[in-house]
Colleague: 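I have a structure I would like to understand better, so I am pasting it below and will then ask my questions one at a time.
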Amino acid sequence: MSNAYDVVVIGAGTGGYVAAIRAAQLGSTVAVVEKQKALGGTCLIWGCIPTKALLEHAHALKVVLDAKDWGVILPAGVPSIDMGQVHARKDKIVTGLTRGIEFLFKKNKIDWIKGTARLQGQGKVEIVDGETQTLEAKEIIVATGSAPRSVPGVTIDRKRIVTSDEAIHLNEVPTSLVILGSGAVGVEFASIYRRFGSEVTIVELLPRLVPVEDEAISAELEKSFEKQGIKALTGTRVTGATATANGVELEAQTPDGRTQTLSAEMLLVATGRGPVTTGLGAEERGIAMDRGYIKVDEMYRTSVPHVSAIGDVITMGKGVHPQLAHVSSMEGIIVAERLAGTDVQPLNYEHVPGCTYCDPEIGSVGLTEAQAKERGYDVRIGTFPFGVLGRARMAGETEGFVKIVADRKYDEVLGVHMIGPRSTELVAEAVLALRLECTVEELVKTIHAHPTFSEAVAEAAHAVHGAAIHA
Ligand SMILES: Cc1cc2nc3c(=O)[nH]c(=O)nc-3n(C[C@H](O)[C@H](O)[C@H](O)COP(=O)(O)OP(=O)(O)OC[C@H]3O[C@@H](n4cnc5c(N)ncnc54)[C@H](O)[C@@H]3O)c2cc1C
């Protein structure tokens with residue numbers, strides 16, 4: 001095997017492996033260095049896939065618990081969850097998908113170099129731990145991703161004070177769980193473990209849950225969580241956490257400045273993720289960095305020629321770069337196409353869908369009502385509840401709504417925000433609408449099949465014009 005490649009990718013997460021496949025499809029010789037035992041990175045091994053598998057188990061339990069409503073007769077006793085089977089099924093799904101990437105690497109003649117990569121300069125990448133060797137590359141793509149991080153006063157011990165990496169593997173359902181942070185990861189685990197039987201409390205520093213979402217979505221989620229028995233302490237700052245023999249003691253500051261003590265069997269820290277660049281040698285090679293993130297331009301070029309970077313590890317200088325699997329993959333495709341000389345356009349980060357798979361689900365894209373007003377639009381809103389739809393009633397999933405934010409002057413769709421059944425799927429139509437700069441009228445004139453959940457999108461569009469048919 002030659003050590004010289006057109007492209008060497010460091011990291012086989014959703015950014016790196018997709019970049020590698022596209023580069024190979026476009027005719028480059030490609031190697032990917034990955035230090036884990038499997039390909040797929042955070043998304044496949046610790047993130048998107050295992051969490052959504054757990055959520056499907058939580059949903060299955062919900063259906064079984066409602067068996068009487070469905071006319072299903074169960075033996076006497078209260079149904080419960082078998083964590084052994086849950087993990088066996090989840091792990092089988094993860095293994096199947098990671099092996100699938102190995103297959104795709106073989107199909108595209110991509111070499112997987114097992115080990116930890118370190119940049120050496122002049123197009124050289126040294127493998128410092130694993131299959132020791134030096135690779136030569138015409139182009140290098142850094143896609144080393146991110147790892148969980150904590151907040152001051154909270155030290156992760158991975159037993160009582162855990163991150164999502166541990167929370168996906170718990171063999172027993174904790175009787176009580178405090179979750180720090182109400183972003184996507186925090187509220188997804190709240191839904192999972194509440195359904196499995198834990199007493200769940202979410203502590204959020206900002207005044208509302210899922211603070212990046214439209215305010216109406218946060219309010220609806222808070223209402224639903226309250227019904228489900230998930231406690232939300234918003235506007236609350238955790239100042240310290242101590243692991244004890246039986247659990248965790250937390251100190252928090254309430255919105256009115258009082259100190260509150262909380263205790264639980266376990267604390268899940270879901271306060272965000274930081275870049276993985278330690279030991280990579282990026283700074284030593286003169287690559288411009290910002291708080292550990294690699295700085296890139298809109299085409300993912302770092303400050304050093306022939307070194308690009310994508311995914312969770314990058315910052316673009318303006319705003320917060322979204323740490324999402326589909327963003328990293330799209331960046332991977334763009335960078336591979338640029339390196340192959342294809343004419344590529346920068347990604348529009350305002351069209352990135354946000355999907356949060358809590359129960360009820362959230363799907364959103366574009367401007368929130370507040371953001372649209374801040375930008376000076378004459379805003380029109382249309383909202384339609386899922387509960388009116390026949391399809392939602394059949395499924396027994398009647399919570400939530402679709403909200404469309406539009407511009408009165410040109411009737412342009414500026415943002416679509418939904419909470420309720422299948423929202424993470426339904427948002428795809430909204431993403432396309434924004435990409436094609438659709439008007440509300442175009443959504444109204446698009447035929448939505450009946451009976452489907454998607455009728456809520458069409459009705460919300462009618463509602464923008466003050467003329468929803470079924471409300
Ligand atoms: C619990 C959880 C749930 C999530 N759910 C979703 C979701 O539903 N949808 C969504 O879009 N996103 C989700 N995400 C976010 C998503 O997983 C990340 O945005 C995505 O994985 C980022 O991809 P990446 O390729 O940039 O980095 P990563 O996936 O982190 O991959 C980086 C890879 O680089 C390797 N690596 C690092 N340094 C080196 C080195 N020096 N040498 C060799 N290899 C190295 C790592 O081992 C890793 O495999 C979730 C994240 C978490 C934690």
Side-chain angles (χ1 to χ4, degrees), residues 8-20 31-55 90 94 98 101 112-120 125-131 135 140-149 162-169 179 181 183-190 192 268-282 293-294 296 300 309-315 321-333 335 352-358 361-363 424 427:
V8 168
V9 183
I10 304 177
T14 39
Y17 89 73
V18 170
V32 177
V33 190
E34 172 53 60
K35 63 183 179 182
Q36 297 297 326
K37 289 194 184 79
L39 301 172
T42 304
C43 175
L44 269 73
I45 304 170
W46 302 284
C48 326
I49 302 301
T51 50
K52 267 88 261 180
L54 291 176
L55 277 154
K90 164 185 69 77
V94 169
T98 57
I101 300 173
W112 172 11
I113 314 291
K114 296 177 178 133
T116 304
R118 188 175 166 77
L119 298 168
Q120 284 296 356
V125 175
E126 187 188 6
I127 316 302
V128 289
D129 171 25
E131 297 172 6
L135 308 178
I140 296 168
I141 303 173
V142 178
T144 48
S146 63
R149 65 170 176 215
V162 302
T163 71
S164 58
D165 288 358
E166 292 75 44
I168 55 166
H169 293 304
I179 299 175
V185 172
V187 296
E188 287 180 11
F189 277 105
I192 293 167
L268 165 60
V269 181
T271 48
R273 296 171 64 84
V276 174
T277 46
T278 311
L280 181 67
Y293 290 94
I294 297 177
V296 295
Y300 313 106
I310 54 168
D312 282 11
V313 76
I314 63 169
T315 175
H321 174 259
Q323 290 185 321
L324 291 168
H326 43 278
V327 170
S328 67
S329 296
M330 193 55 102
E331 291 169 349
I333 289 173
V335 83
V352 171
C355 292
T356 303
Y357 300 76
C358 49
E361 293 188 350
I362 300 168
T424 58
V427 76

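Computed from a prediction, not measured in an experiment: that's the story for all the values here. In each ligand, atom 1 is the first atom listed, and ligand 1 is the first ligand listed.
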Colleague: My understanding is that we take every heavy atom of each candidate and find the minimum distance to atom 8 (O) of ligand 1. Doing that for Lys114, Glu34, Lys52, which one comes out nearest?
Modeller: Lys52

Colleague: Can you tell if the side chain of Asp165 reaches within under 4.5 Å of the side chain of Pro148, non-hydrogen atoms only?
Modeller: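 The answer is yes; the side chains approach within 4.5 Å.
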
Colleague: Nearest non-hydrogen atom to atom 10 (C) of ligand 1 belongs to which of Gly311, Ala325, Ala12, Pro50?
Modeller: Ala325

Colleague: Can you tell me if Glu188 contacts ligand 1 (heavy atom of the residue under 4.0 Å from the ligand)?
Modeller: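 It does not; every heavy atom stays at 4.0 Å or beyond.
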
Colleague: Between Arg118 and Val125, is there a donor-acceptor pair closer than 3.5 Å when you use the side chain of the first and the backbone of the second?
Modeller: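 No, because the side chain of Arg118 does not come within donor-acceptor range (under 3.5 Å) of the backbone of Val125.
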
Colleague: Please state which option from Asp312, Thr116, Ile314 has its nearest heavy atom closest to atom 22 (C) of ligand 1.
Modeller: Asp312

Colleague: Between Ala117, Gly11, Gly15, which one has a non-hydrogen atom sitting closest to atom 42 (N) of ligand 1?
Modeller: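 Answer by nearest heavy atom: Ala117.
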
Colleague: Please verify whether a non-hydrogen atom of Tyr17 lies at under 4.0 Å from ligand 1.
Modeller: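 For ligand 1, residue contact (heavy atoms, under 4.0 Å) with Tyr17 is absent.
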
Colleague: Please work out which of Ala167, Cys48, Gly40 has its closest non-hydrogen atom nearest to atom 4 (C) of ligand 1.
Modeller: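 Minimum heavy-atom distance to atom 4 (C) of ligand 1 goes to Cys48.
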
Colleague: Heavy atom of Thr14 under 4.0 Å from ligand 1?
Modeller: yes

Colleague: Can you see whether Ser328 engages Glu331 through a side-chain donor-acceptor pair at a distance of less than 3.5 angstrom?
Modeller: no

Colleague: Please check: side-chain N/O of Thr144 versus main-chain N/O of Val276, any donor-acceptor pairing under 3.5 Å?
Modeller: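 It does hold such a pair.
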
Colleague: Any N/O of Thr51 closer than 3.5 Å to an N/O of ligand 1?
Modeller: no

Colleague: Which one of Cys355, Gly47, Pro353 has a non-hydrogen atom at the shortest distance from atom 52 (C) of ligand 1?
Modeller: Gly47

Colleague: Quick test of your reading of the structure: of Thr144, Ile49, Thr277, Val142, whose heavy atom lies closest to atom 38 (N) of ligand 1?
Modeller: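 Residue with the shortest heavy-atom distance to the ligand atom: Thr144.
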
Colleague: Is Arg118 close enough to touch ligand 1? Criterion: a residue heavy atom under 4.0 Å from a ligand atom.
Modeller: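 So Arg118 does not count as touching ligand 1.
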
Colleague: Please identify each residue that fulfils salt bridge (Lys or Arg N to Asp or Glu O under 4.0 Å) with Arg273, with sequence neighbours left out.
Modeller: none

